[in-house]
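Single-structure report; data block below.
Computation of the quantities below employed the complete heavy-atom set of this structure, encompassing side-chain atoms and omitting hydrogens, waters and symmetry-equivalent molecules. If you read the sequence from its start, that first residue is 1, and numbering goes on from there. Since the model is a prediction, treat every value here as computed from it, not as a measurement.
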Amino acid sequence: MKLALSADHRGVSATRQLADRLRSQNHEVTMVGTLTGETCDYPDAAFGVGELVRKGDVERGILLCGSGIGMCIAANKIRGVRAALVHDELTAEMSRSH
């Protein structure tokens, strides 16, 4: 599966670990943004991933940040993108089934 990942400054470490794990499972991962760990504007990360999803360049996007709320709101502003705030496998599964 083709995936795009990004994060704000709080999610950089987890995003890199997730990318490594996904690549080890033979997923194609595109990292979006600088991901330096320095303070950044979360909407930039959300819009970068959302645009790749909207254009069909990737099948799914994953955004990580402190709470997830801002990223979710920002991604949902992109026409054709439906983002959900998930915390575990159940909420992720439910977000895809509805």
Side-chain angles (χ1 to χ4, degrees):
M1 181 177 285
K2 290 184 177 184
L3 305 165
L5 275 65
S6 193
D8 73 353
H9 53 281
R10 292 185 204 142
V12 170
S13 177
T15 300
R16 290 175 197 242
Q17 291 175 24
L18 179 58
D20 290 343
R21 185 170 185 173
L22 291 168
R23 286 183 181 118
S24 75
Q25 296 171 351
N26 297 318
H27 294 287
E28 185 178 322
V29 176
T30 300
M31 302 292 277
V32 177
T34 58
L35 299 173
T36 62
E38 294 180 25
T39 301
C40 64
D41 292 330
Y42 67 84
D44 294 339
F47 287 132
V49 170
E51 280 298 306
L52 291 175
V53 172
R54 183 191 64 77
K55 293 187 300 185
D57 293 342
V58 297
E59 297 167 66
R60 300 277 187 273
I62 300 172
L63 299 163
L64 287 89
C65 72
S67 70
I69 296 168
M71 287 277 208
C72 190
I73 291 169
N76 276 316
K77 291 187 179 285
I78 301 168
R79 186 177 298 263
V81 172
R82 297 292 172 259
L85 180 60
V86 300
H87 298 284
D88 53 30
E89 287 184 40
L90 176 61
T91 54
E93 184 179 325
M94 295 303 290
S95 76
R96 301 305 311 149
S97 66
H98 285 93

request  = Evaluate side chain to side chain contact (heavy atoms under 4.5 Å, CB included) for R60 paired with R96, printing each intermediate quantity in order.
outcome  = CA-CA 11 Å; R60 300 277 187 273; R96 301 305 311 149; 3.0 Å; yes
SG (C72) and NZ (K77) are apart, to the nearest 0.5 Å, by 11.5 Å
Rounding to 0.5 Å, atoms CG (N26) and CZ (R23) come to a distance of 12.0 Å
With D44, which residues qualify under side chain to side chain contact (heavy atoms under 4.5 Å, CB included), at least two apart?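 For D44, the residues satisfying side chain to side chain contact (heavy atoms under 4.5 Å, CB included) (neighbours in sequence not counted) are D41.
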Other residues, nucleotides and ligands only: do more than 12 of their heavy atoms fall within 6.0 Å of [atom1] on [X]?
{"X": "R21", "atom1": "CZ", "result": "no"}
{"X": "R10", "atom1": "CZ", "result": "no"}
{"X": "Q25", "atom1": "CD", "result": "yes"}
{"X": "E28", "atom1": "CD", "result": "no"}

Where is the tightest heavy-atom contact between [X] and [Y], given as atom of each residue plus distance?
{"X": "A83", "Y": "N76", "answer": "N-OD1, 2.7 Å"}
{"X": "A46", "Y": "M71", "answer": "CB-O, 3.8 Å"}
{"X": "G61", "Y": "V49", "answer": "CA-CG1, 3.5 Å"}
{"X": "A45", "Y": "L63", "answer": "O-CD2, 3.7 Å"}
{"X": "A74", "Y": "Y42", "answer": "CB-CE1, 4.5 Å"}
{"X": "R82", "Y": "I78", "answer": "NH1-O, 4.5 Å"}

### Query
Side-chain contact, heavy-atom cut-off 4.5 Å: S24 with D20?
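No, their side chains stay 4.5 Å or more apart.
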(message) Between T30 and K2, is there a side-chain heavy-atom distance shorter than 4.5 Å?
(response)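 Not touching, per the 4.5 Å side-chain cut-off.
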Besides L90, the hydrophobic cluster formed by Ile, Leu, Val, Met, Phe, Trp and Tyr side chains linked at under 4.5 Å, directly or via other members, contains M94
For M1, the other hydrophobic cluster members (4.5 Å side-chain criterion, sorted by chain and number) are L3, L5, V12, L18, L22, V29, M31, L35, I62, L64
Count I, L, V, M, F, W, Y as connected when their side-chain heavy atoms are under 4.5 Å apart, and connections chain through other members. Are L85 and I73 then in the same cluster? yes
